[in-house]
Amino acid sequence: NTNYTLQLSATPTPPTTPANPGNDLSNALNIGNLDSPQAFKDFVGVVDSQDFYRFNITQISNFTLNMSGLNDYANVYLIADINKNGVVDNNETIAQDTYNYSNNEGVIKADLGAGNYFALIKPNNVVDNTNYTLNLSAVATPPTTPANPGNDLSSALNLGNLSGQKIFKDFVGVVDPQDFYRFNITQNSHFTLNMSGLSDYTSVYLIADLNKNGVVDNNETIAEDSYNTSTNDGAIESDLGVGSYFVLIKPNNVADNSNYTLNLSAIATPPTTPSNPGNDLNSALNLGNLSSPKNFKDFVGVVDRADVYRFNITQTSDFSLNMTGLTDLTNVYLIADLDGD
């Protein structure tokens with residue numbers, strides 16, 4: 001048995017949100033366009049288990065979320081509004097983080113494309129209760145592409161003839177999962193691709209336009225590479241023959257988002273053959289009698305699978321063939337035309 005003295009107190013900590021953030025996607029507090037930094041103070045806990053904020057990104061931007069002023073465990077999620085089904089799907093959750101208390105604050109940073117997004121704040125456990133201060137900001141990083149690169153081969157951004165260097169800045173991510181660029185090589189060229197300025201995992205593919213069926217076939221993919229972050233940039237280099245090509249850029253995973261800088265260049269390496277060597281015996285380039293040394297520069301690859309040269313030996317001879325200047329695995333064959341057909 002005991003006596004006791006009970007003292008209770010409550011110091012108001014009024015929220016600064018214009019209205020109570022809703023508990024699901026459908027009644028999220030709509031901030032509108034996030035054109036300038038926004039700050040809110042509110043509460044999540046046993047009696048208010050989730051706070052949803054909705055905002056719009058009107059152009060490609062560097063997004064930052066800070067959450068501070070906590071006195072209990074809380075989680076924050078950045079979500080893209082893609083499926084619009086009222087459910088937080090895994091493929092829409094771009095980032096999440098857990099915060100402990102006021103001296104263990106943190107930040108979510110992400111490149112975001114134009115679209116609608118949500119920030120979700122909720123306690124880490126059902127008995128956690130905490131005030132919080134939420135800061136949201138988006139700094140525009142406008143693209144330099146003349147138009148948005150399409151999401152498939154048929155809507156690729158057509159760069160026309162690629163001679164010299166072209167540089168573009170754009171974005172791939174949850175709201176824009178693929179960027180296709182199309183370009184033409186009008187003469188045999190040494191092609192270089194550099195991709196830099198990344199903030200998340202991103203892959204790039206160089207594709208030849210052979211089958212023209214709107215599908216990226218394996219036999220058309222010349223090269224591919226994956227890049228991690230801005231400190232792990234790289235390059236694709238390849239000799240290319242005359243033809244049409246695509247560059248495809250896409251995130252490695254469905255939740256990855258990144259700006260990128262794409263640098264494309266093509267330096268002509270014109271052939272010295274008098275005409276294009278044919279792809280079979282019937283269309284072979286006829287050199288006539290091989291009575292003196294002959295030298296040729298040309299190309300074989302995805303768009304020109306074989307080069308066939310025909311020549312005559314008019315008397316018994318010591319024959320020599322040298323092939324140099326290669327940038328990829330290449331085979332050469334010496335074939336006797338016994339039947340003359």
Side-chain angles (χ1 to χ4, degrees), residues 10 12-102 104-138 171 173-177 200 251 253-257:
T13 54
T16 62
T17 50
N20 183 43
N23 287 317
D24 56 42
L25 297 176
S26 63
N27 60 8
L29 177 62
N30 195 342
I31 299 171
N33 296 334
L34 191 59
D35 296 329
S36 60
Q38 302 282 336
F40 306 97
K41 291 183 180 181
D42 216 288
F43 166 90
V44 286
V46 175
V47 297
D48 186 4
S49 59
Q50 296 188 139
D51 278 356
F52 278 92
Y53 296 80
R54 180 185 177 120
F55 59 92
N56 306 319
I57 298 291
T58 56
Q59 56 182 318
I60 298 169
S61 299
N62 292 137
F63 171 80
T64 302
L65 180 155
N66 283 282
M67 190 164 69
S68 59
L70 304 171
N71 51 30
D72 216 335
Y73 292 82
N75 295 326
V76 62
Y77 301 82
L78 174 62
I79 304 162
D81 182 22
I82 298 177
N83 296 334
K84 299 178 181 177
N85 59 357
V87 179
V88 178
D89 300 310
N90 288 335
N91 65 338
E92 296 179 301
T93 301
I94 297 169
Q96 66 183 80
D97 207 351
T98 300
Y99 301 88
N100 292 2
Y101 37 81
S102 59
N104 187 9
E105 299 158 3
V107 64
I108 288 178
K109 291 188 177 183
D111 291 331
L112 298 183
N116 298 321
Y117 298 86
F118 296 93
L120 162 61
I121 300 166
K122 65 179 183 179
N124 202 38
N125 299 296
V126 293
V127 295
D128 292 337
N129 295 269
T130 185
N131 292 324
Y132 64 84
T133 298
L134 177 67
N135 284 278
L136 306 175
S137 67
F171 165 90
V174 174
V175 298
D176 187 5
D200 218 334
N253 301 295
V254 293
D256 292 337
N257 295 265

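Just so we're clear, the structure is a prediction, and the values are computed from it rather than from any experiment.
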- Message: Test of understanding: with ring-ring contact (aromatic ring centres under 6.0 Å, His included), list the residues that count as partners of F52, not counting sequence neighbours.
- Response: none
- Nearest heavy-atom neighbours spanning N257 and D200: O-CB, 3.0 Å
- Message: Taking the side chain as everything from C-beta on, heavy atoms only, tell me whether T64 gets closer than 4.5 Å to V107.
- Response: yes
- Query: Measuring from L34:CG to R54:CZ, what's the distance to the nearest 0.5 Å?
  - Reply: 13.5 Å
- Note on the structure: So CZ of F118 and CG of D24: to nearest 0.5 Å the spacing works out to 9.5 Å
- Gap separating the CZ atom of F55 from the CG atom of N30, nearest 0.5 angstrom: 11.0 Å
- Report the C-alpha distance between I121 and Y53 in whole Å, list the side-chain angles of each, state the deciding distance to 0.1 Å, and finish with yes or no for side-chain contact (heavy atoms from CB on, under 4.5 Å). CA-CA 9 Å; I121 300 166; Y53 296 80; 4.1 Å; yes
- Looking at K122 and S49, what are the two nearest heavy atoms and their distance? CB-O, 3.2 Å
- Query: Rounded to the nearest 0.5 Å, what separation is found between the CG atom of N23 and the CG atom of L120?
  - Reply: 10.0 Å
- Query: Taking D42 as the fixed residue, which of L29, T17, N131 is the one that meets the side chain to side chain contact (heavy atoms under 4.5 Å, CB included) rule?
  - Reply: T17
- Item | Within-4.5 Å side-chain heavy-atom neighbours: Y132 and V76 | no
- Working to the nearest 0.5 Å, report the span between CG of N135 and CG of N66. 6.0 Å
- How long is the span from the OH atom in Y77 to the CD1 atom in I94, to the nearest 0.5 Å? 14.5 Å
- Task: Check for a donor-acceptor pair, side chain of N129 on one end and backbone N or O of V127 on the other, with a separation under 3.5 Å.
- Result: yes
- Message: side-chain hydrogen bond (donor to acceptor under 3.5 Å, both in side chains), that's the test. Do N75 and N124 meet it? Break it down for me.
- Response: CA-CA 6 Å; N75 295 326; N124 202 38; 2.9 Å; yes
- Please report the shortest heavy-atom distance between A138 and I57, naming the atom on each side. CB-CD1, 3.7 Å
- Task: Would you check if V175 and Y117 make a side-chain contact, meaning some heavy-atom pair closer than 4.5 Å?
- Result: yes
- Item | Residue pair L136, F63: steps toward the side-chain contact (heavy atoms from CB on, under 4.5 Å) verdict | CA-CA 8 Å; L136 306 175; F63 171 80; 3.9 Å; yes
- Message: Keeping N56 on the side-chain end and T58 on the backbone end, is there a donor-acceptor pair under 3.5 Å?
- Response: no
- Note on the structure: When T93, V174, L112, L65 are each screened for side chain to side chain contact (heavy atoms under 4.5 Å, CB included) with L78, the one that passes is L112
- Is a side-chain donor or acceptor of T130 paired with a backbone partner of N71 at a separation under 3.5 angstrom? yes
- Message: On a heavy-atom basis, which atom in Q38 and which in I31 lie closest, and how many Å separate them?
- Response: CG-CG2, 3.9 Å
